[in-house]
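In the text below, chain A, chain B and the rest are named by the order of the sequence lines, each starting its count at 1.
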Amino acid sequence: MPGVVHVQTTINGEDTNFLCEPRQSLLEVLRDVLGMTGTKEGCNDGNCGACTVIFDGRIVDSCLVLGVEVQGREVTTIEGLATADGLHPIQTAFLENAALQCGICTPGFIVASKGLLDEEPDADEGRVRHWLAGNLCRCTGYDKIVRAVLDAGQKMK
Amino acid sequence: MVANIVLSEVEYTHVGKRPIRPDGVDKVTGRAQYGPDITLRGLLHGKVLRSPYAHARINSIDTSQAESYPGVRAVITAQDLPFASLTKEELGAGYQALKFASNHVLAGEKVLYKGHAVAAVAAANLHVAEETAKLIKVEYEELPTVMSVLDAMKDGATLLHDDLFTSSLGETSKTASNVAAHSRFEIGDIQQGFAEADAVVEHEFQTASVHQGYIEPQNGTAFWNADGQLDVWCSTQGAFTVRAALADVLRHPVSKIKVTPMEMGGGFGGKIAIYNEPLAALLSKKSGQPVKLIMSRVEVFEASGPAAGSWMNVKIGATKNGKITACQAEFALDAGGFPGSPAASAAMCAFACYDYPNGLIDSYDVVVNKPKTAAYRAPGSPQAAFAVESVVDELCEKLGIDPIEFRLTNASKEGTRRIEGPVYRRIGLVECLEAARSHDHYQTPVDAQPNGKLRGRGVASGFWFNRGFVSSCNVTVNPDGTVGVVTGSVDLCGTRASIAQQTAEVLGIAYEDIKPSVADTDSIGYTFITGGSRTTFATGLAAINASQDIKQRMVERAAAIWEAPVEDVEYVDGVIQHKSDSELKMTFKELAQRTLTTGGSITAQCNIDPSGEGNSFAFHVVDVEVDPETGKVDVVRYTALQDCGKAVHPSYVEGQLRGRSDAGRRGAGHRMGFERRILL
Amino acid sequence: MEWIDFATPKTISEAVELLASKGDRARLMAGGTDLIVQLRGGRRSLDLVVDAKQIPELNALSYSAQNGLVLGAAVPCYKLYGDSAIAAAYPGLMDCATLIGGIQIQGRATVGGNICNSAPSGDSIPAVIVLGGVCHIAGPKGTREVATEDFCTGPGRNVLEAGEILVSVNIPAPQAHSGASYLRFIPRNEMDIAVAGVGSSVVLDASGQNFVSARISLASVAPIPVFAKDAADSLAGKPVSEAVIQEASEKAIEAATPISDMRGTIRQRNHLVGVLARRTLNNAVQRARGG
C-alpha cells in the first residue's frame, strides 16, 4: 500500500510495530490499529485529555501526535499500569475514592496523574488541580478525583 | 470536604455503605468496552454529510462521485429510509410522527439546522469515508432562519414546517405555526392574588441552549445480517428505546432488532435519541458489512440535542409578611427543528417548591432552526428555576426578608398540591431549608475582601419529580452461592453497585457475592431508560422484589429437601432453617450448592412499573467572588443540600450532587442574560 | 483528514529544500498542536508535513548571562520551565509557557510554533516581543533575522516566504534592573484562548524608582499581536508611580483595534487592555526591583 509507513516503537515496555498512514494520529493507531481501546477519544483536538498517554516521559494528548512520530520512542498507555501483581496505586485510589462515574475520562486522568506523581508524589491540591487542568470530567465535579490523586501520591512516596 | 447530614436512624448492612463498584476494575484499567470500542470483522466506518445552512430546501443530491470512489461501499440519503416510499394514506395518523422521526435521521425536503444530516458514506478506511462524504453534491436553496423562540412566535414568522399546527388546550389551530403545543396550568384567581400582594416582582429571562457536553461522542455500530437480523451496539441510556425508535423509523420488526448497550461515557439525557444507529443500520444493509459511526466533537455540538433554550417571564406577588399570594409565568422553550421541548415540564417544576393559592402558567413548545433539543438533567427544571429563583431573590430583597425564611414560609410540604394536580406525600424541602439555615456556610457572613475583589452570596431551590417507569430484573442463584442479577438498566454511574447493595441487603449475603450485569434487548424484559434519577429506585425495587421471591423459593427448596412443610421453614439473615428443629439449617451457599441436584437452579423475575414520585428537593448556597476590574467570577464556597431519601451508596449520591452543581455553575457562567422590569 | 505524507529531514537545508519544492502544499510541524487540528478541521490543506524535531538547530536550547537565550523553534514549552536557569532569568517567558493549553499541550507545543502559527491571540508572542526576541530564519536564499514584532503580518500570516523556516528565537540576556510579565484574561482558569492578553517589560534605573525604557505588546485585540510602541515609549525617563503606569496603560488601549466576537466585545477588550497593561507593568516593575 503506497504511502503507508512501518513504525517500530515501544509501547508499555514491549517492542511493537505497526503499519499506519501518516494522517492517522497515535490515538487512532492505539485504538483502531493495535486494538488498545483503553485510551479514549473525547474531542480529537487537545481539549479534553481523555486520550492522554505518556510519550518519552511527558504526558501528551495522543490525538495530537501522529502515529508515525513514535518511531523509536516510548509510549505508556493505561493498559501498561496494572501488572500481574495487581492494580497501580493510582487505579486503586480511584476505586476507593469513588473517583469515577461513567469512567470515560478515567484512563486519561490516571495516566496524567502518573505523569505528576512519578515526579512529585507530594504534590499538594493546588499543584494537582493545575496539572490536571487539561483533563475534563463531566460527571464528578472533580473533587473525588483530586482526593484520589492526593491519596495515591501518599502511597507512592 | 464532605459532611453529609443523615436524618435517618436506621442502619443497614449494605445500604448506606460505600463498597467498590463491581465494574470499577474494568474502568480504571481501560478494559471496559464503551460504544466506540467495539470492533467486528469486516467493520466499515461511516461518516455523515451535514447541512451548512440553518434552513434550506434540498433541491437535489448527487451521490455518484462518492459512490464510485475506490473503497466506498455504501452511500445513503433520505431516499433509503422507508418513509420516502410510504404515502400519507398508508400511514394515516402516524404520518407526521414518522415524517419527523425520519427527517431527523436524514433530512427530507428541507434541512432545519446547521449540521442536519443529509447523507452518509461507509468505507473501510475512516479517512476515506470522511473525505468522500464531501464529494456528495447537494443543491440547497437557502431560506430565512428563525433562531429564537420570540422570533418563531411572531406573526408572519418563517415556518419550519407547513404542516405543524398548535395543539392548545384541547384544540388544534387552523393555520400552521412554529408553536407545536401550548399548555396552561391554573389554580385560584391570579388577578385577586396580585391585588392582595404588597410587593410584586416581574422579570423576563432568556437562556441559551446548553449542551450536555458528555466527553464520549454519540456512536452506533450496526450489522444487518442477510437473514434480516439487525444487531446494534451503541452508547445509550436506553437499549429498548433505541430498539423501538429503530423499529419505527426503519419499519423493521422489533423481534428482528437486538440492541446491546455498551458502557457509556456520559449521557445526562442527551443519549436517548437515535442519531448514528439508523445510519449505521442502513449503511450495513446496503454494504452487507458491519458499520460503525462515531460523531466528531464538532458534530456532537452541531447536530445532537442540547438542553432547550428559553424565553421566560415570571411574576410573583407576596404580602409584606412574605406569604406568596400569586405566581404567574410564561415559558417558551425551543424544541430545535422538530417539536418536543420540555416546556410542560418546566411549567410543572417552576413553582413546585412553593405553596401558593393563585397561579397561572402558560408554556409553549416552539420549533427553531437549531438541532432538535434533548433532555439535560431534569429537563425544563433548571431553566424555570433560574427565572423563578431570581424573582424570589429580588422579592426577598424588596420585602427585607431572609431568603430561607421566605422559602420556609411558603415551602411545599406533605399535603401541598402542585399546580398540575399531584399532592405531595412525605417530602424533604423543609428539612433542606432548615439544614441550610443552621449550616456553617449560611451562618458565616460574606466577607469583603482586602484584595479589592467583591463577594456575594446566592441561594436557590430546585425540584425534580423522580418517577419510576418500567424495569425488569432476573435473579439467579449460582451453584457456588453467588447471585447473578441481570437488568436492562444501563449503568451510567454506579447503579450496578446500588442494585447489588439492595439485593445483598434483602438476601442477607455478602455484597461481593452479587454479580450485577446489564443485558441486551433479547435477554431481559422491557426496561425504560436510565434517566430521571429512576434507576436505583425502580430497577432497585425490581431487584428487591425478585430477591424476596428468591428467599421464598429457597425456603420451598429446603422444605422439599428436608421433607418438611413449607410453613415450618424460614429464611433469616441469609440462613434457611427449620423453625423448631435446630439440626435442619443451611447457609445460602450450602443450599445453593445443592440446587442442581434437587430440582435445578433457583431463579426469580420481576417486571415492575412503580407508581408514585420520589419528589426530590434541593437548596443550594453559593458564595462567589468577582474581580471588579475584569469581571472574572470564581466560586469560593458551594454547599448543596438535597433531600436524597436514604442514600444507598453515599459516594455516588455525593458524586451526583457534586457533578451537577459543577455543571450548573459552568452553565450559569455562559448562558444567562436577562432584562429587568419591576412593578409596584 | 486528507492524505498527507510525512518527512523527517535531519538538516536545515533538507527541510528548506522540501518546503521550497512543495510551496504552500508543505508545512513544517513542531508540536503539531495547531497544525494537526487545522488539517483535521479542513482549515489547512497540505500534501506534505515536514517534521521540525529532528533538526539539531531547531532543538537547541541554551542560555548564558552573556549571550542570552537561544530557543530552538522545535523546543516544547515544558523544556523552558523545566530549566531552572532559564526560568529564573525569564519569568515573563515562563508566564506564557505555563499557560499555553495545559500540561499535555505543553508537552508538545513550542514557542516557535506559536509564533509561526501567527494567531492574534498567540500567548507567547507578546511575551517574546517585550523581551526583545529576534526570529532567526533560514531559507533558500540564506539566513535573515526579523524582530518578533515584525514577524506576524495578519491572522495566521507572517513574513516567512516559500521554503523559509524559523530556526530559533533569540532573546537577549536580561538587562540589570529589568523585568517582564504576561497576563491574559480568560473566563475560566486554564485551557482557554485569550479574550485579551498583555505582555510588558521594563528597564528601571539603578535606584529602581524611574523607568529607563519599556515595551508593551497586546494579544487578541488586533489582526496581529500589537507592539504598543507609543504607550511603552511614553514611560521612558518617568518616575515609577501609580499615575504614570495608569497613564501608559490607557495609552496602550489606543494601540488596540479589537473586534466583537463570541469571546468578547470591543468595549470589554479595550477595558481589559487597560487593566492588564497596568497589572503587567506593576509585575514587571516588581520583578525588575528583584521582587
Worksheet item: So which of A:Val5, A:Asp45, A:Asn44, A:Val68 has the biggest tally of heavy-atom pairs under 4.5 Å with chain C?
Response: A:Asn44
Worksheet item: Would C:Asp5 and C:Lys22 satisfy salt bridge (charged side-chain N to carboxylate O under 4.0 Å, His left out), going step by step from the backbone distance to the final call?
Response: CA-CA 12 Å; C:Asp5 283 314; C:Lys22 291 257 181 200; over 6 Å; no
Discussion item. If I measure from the heavy atoms of chain A, does C:Gln104 come under 4.5 Å with its side chain, its backbone, both, or neither?
Written reply: both
Worksheet entry | Closest heavy-atom pair and its distance - C:Leu48, C:Phe6 | CD1-N, 4.1 Å
Worksheet entry | Under 3.5 Å side-chain donor-acceptor pair for A:Thr16 and A:Glu14 | no
Worksheet item: For A:Leu132, is it the side chain, the backbone, both, or neither that has a heavy atom closer than 4.5 Å to a heavy atom of chain C?
Response: neither
Worksheet item: Using a cut-off of under 4.5 Å for heavy-atom pairs, which of A:Arg58, A:His130, A:Gln71 has the most such pairs with chain C?
Response: A:Arg58
Worksheet item: Quick one: what part of C:Gln54 sits under 4.5 Å from any heavy atom of chain A, side chain, backbone, both or neither?
Response: neither
Worksheet item: Looking only at side chains, do A:Asp32 and A:Gln24 share a donor and an acceptor under 3.5 Å apart?
Response: no
Worksheet item: What residue in C:Ile4, C:Val37, C:Thr98, C:Asn189 has the most heavy-atom pairs under 4.5 Å with chain A?
Response: C:Ile4
Item to complete: Please report the closest heavy-atom contact between C:Pro126 and C:Leu218, naming both atoms and the distance.
Response: CG-C, 4.2 Å
Item to complete: State whether a side-chain donor-acceptor pair under 3.5 Å links C:Arg269 with C:Ser260.
Response: no
Discussion item. Counting heavy-atom pairs closer than 4.5 Å to chain A, which one of C:Met1, C:Glu190, C:Arg40 comes out on top?
Written reply: C:Arg40
Worksheet item: Contact part of C:Thr8 toward chain A, heavy-atom cut-off under 4.5 Å: side chain, backbone, both or neither?
Response: neither
